[in-house]
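Reading through the structure tokens given below for one structure.
In what follows, residues are counted from 1 in the order of the sequence shown.
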Amino acid sequence: MADIVVVYHSGFGHTRKVAEHVAQGANADLIAISETGDLTEAEWEKLNAAKAIIFGTPTYMGNVSWQFKKFTDATSRIWYNRGWQDKIFGGFTNSASPVGDKGTTLAALQTLASQHGGIWVSLGQLPSNTKAAQPTDPNTLGGSVGLIVQSPADASVDEIPQGHLDTAVAYGQRIAGITGRFSA
């Protein structure tokens with residue numbers, strides 16, 4: 001069993017691809033929230049056993065998808081029993097617009113982690129924010145709270161900018177490194 005789990009919802013496949021890159025960097029297991037917003041009992045057990053949980057969701061209408069929200073509401077019994085107290089958490093979101101109110105979504109993910117008594121891991125990368133920045137550069141959207149990714153509405157899953165995917169791998173590596181330090 002992996003020490004780190006990425007739990008995510010993806011409506012059209014873009015967020016799934018980002019989740020795969022975060023998981024690659026963190027050497028994490030993936031858990032996809034179903035289209036009905038559900039997890040299996042085995043998936044809940046995997047989350048409970050993990051040392052770190054990374055949340056992923058698209059940003060729809062300025063917040064998490066309804067499927068991800070159903071998942072968050074289902075964590076209330078875990079919250080009440082402090083089952084995820086002192087776990088490491090991180091999070092990411094993806095939307096069609098460069099901004100698209102992704103900050104609101106990250107705030108919701110960070111708040112969820114905080115309500116569970118968790119320790120949040122920020123992105124930890126400087127932005128590539130000069131005129132010379134290219135889509136292959138890391139953190140071109142300038143995230144800091146967590147990972148933010150843009151997938152234009154008419155872009156296929158294979159058209160997510162490489163810099164965003166490289167940033168996803170680096171974020172996974174950061175979370176794995178911090179998880180290891182807390183586990184030592």
Side-chain angles (χ1 to χ4, degrees), residues 1-75 78 84 87-96 100-116 118 120-123 141 143 145-151 153 155-161 164-176 179:
M1 179 170 302
D3 287 342
I4 303 173
V5 176
V6 177
V7 59
Y8 71 95
H9 171 255
S10 183
F12 300 96
H14 299 87
T15 306
R16 181 190 71 238
K17 184 161 187 170
V18 176
E20 291 168 352
H21 280 74
V22 172
Q24 174 190 335
N27 193 28
D29 284 348
L30 287 166
I31 294 176
I33 297 168
S34 76
E35 286 306 308
T36 58
D38 298 312
L39 297 181
T40 67
E41 200 57 43
E43 290 168 332
W44 282 111
E45 290 172 16
K46 187 179 282 193
L47 285 170
N48 291 335
K51 293 178 182 174
I53 299 172
I54 305 170
F55 300 132
T57 179
T59 294
Y60 291 157
M61 303 307 293
N63 215 314
V64 301
S65 66
W66 73 262
Q67 293 91 339
F68 194 90
K69 177 63 171 127
K70 183 178 177 185
F71 158 76
T72 68
D73 290 347
T75 70
I78 298 166
W84 291 352
K87 282 189 190 287
I88 305 295
F89 288 92
F92 63 92
T93 189
N94 176 57
S95 74
D101 298 318
K102 287 189 269 291
T104 305
T105 302
L106 282 181
L109 300 179
Q110 187 179 36
T111 299
L112 176 63
S114 296
Q115 287 174 332
H116 279 284
W120 185 262
V121 178
S122 66
L123 185 63
L141 295 178
V145 172
L147 173 65
I148 56 176
V149 174
Q150 179 193 10
S151 300
S156 74
V157 171
D158 295 326
E159 293 177 282
I160 298 172
H164 295 225
L165 298 176
D166 292 343
T167 304
V169 171
Y171 186 46
Q173 291 169 338
R174 175 172 164 78
I175 292 170
T179 301

To the nearest 0.5 Å, atom CD1 of I160 lies from atom CG of N94 at 6.0 Å
In short, T179 meets A52 closest at the heavy-atom pair OG1-CB, 3.3 Å
To the nearest 0.5 Å, atom CG of L106 lies from atom CG of N63 at 10.5 Å
**Item:** Y171 side-chain N/O to V121 backbone N/O, donor-acceptor pair under 3.5 Å
**Value:** yes
Contacts of T104 meeting side chain to side chain donor-acceptor pair (under 3.5 Å) (sequence neighbours excluded), chain-then-number -> none
Heavy-atom donor-acceptor pair, W120 side chain to G146 backbone, under 3.5 Å: no
- Hey, does the side chain of R174 reach the backbone of S122 with a donor-acceptor pair shorter than 3.5 angstrom? yes
Taken to the nearest 0.5 Å, the spacing of L47 CG from D29 CG works out to 10.0 Å
Heavy-atom closest pair (L39 atom, A32 atom, distance to 0.1 Å) is CD2-O, 4.0 Å
Between the OG atom in S10 and the NZ atom in K17, the distance rounded to the nearest 0.5 Å is 11.5 Å
Residue set satisfying salt bridge (Lys or Arg N to Asp or Glu O under 4.0 Å) with R16, at least two apart, ordered chain then number -> E20
Residues at least two apart in sequence or cross-chain that pass side-chain contact (heavy atoms from CB on, under 4.5 Å) with Q67, listed by chain then number, are H9, I33, E35, S65
A96 backbone acceptor or donor facing Q150 side chain under 3.5 Å = yes
With sequence neighbours left out, the residues meeting side-chain contact (heavy atoms from CB on, under 4.5 Å) with D38 are S34, T36, K70
One should read off an interatomic distance between K69 NZ and L112 CG, to the nearest 0.5 angstrom, of 8.5 Å
For residues 11-33, the ring pair (Phe, Tyr, Trp, His ring centres under 6.0 Å) pairs (sequence neighbours left out) are none
In short, A23 meets L30 closest at the heavy-atom pair CB-CD2, 3.7 Å
Sorted by chain and residue number, the side-chain contact (heavy atoms from CB on, under 4.5 Å) partners of S95 (sequence neighbours excluded) come out as T59, K102
Note: I54 and V22 closest approach over all heavy atoms is CD1-CG1, 3.8 Å
All heavy atoms of V64 vs all of A108, minimum pair found to be CG1-CB, 4.4 Å
Residue set satisfying side chain to side chain donor-acceptor pair (under 3.5 Å) with E159, at least two apart, ordered chain then number -> S156
With sequence neighbours left out, the residues meeting side chain to side chain donor-acceptor pair (under 3.5 Å) with T72 are none
ask   = Side chain of T93, backbone of T57: donor and acceptor closer than 3.5 Å?
value = yes
The side chain to side chain donor-acceptor pair (under 3.5 Å) partners of E43 (sequence neighbours excluded) come to T40
side-chain contact (heavy atoms from CB on, under 4.5 Å) filter on N48, not counting sequence neighbours, yields I78, W84
TODO: Indicate yes or no: at least one non-hydrogen side-chain atom of F92 is less than 4.5 angstrom from one of T15.
DONE: yes
message = Is there a side-chain contact between L123 and T167 in this structure, where contact means two heavy atoms from C-beta onward sitting under 4.5 Å apart?
response = yes
Residue pairs meeting ring pair (Phe, Tyr, Trp, His ring centres under 6.0 Å), one or both in residues 35-57, sequence neighbours left out, come to W44-F71, F55-F68, F55-F89
CD1 (I31) and NZ (K46) are apart, to the nearest 0.5 Å, by 5.5 Å
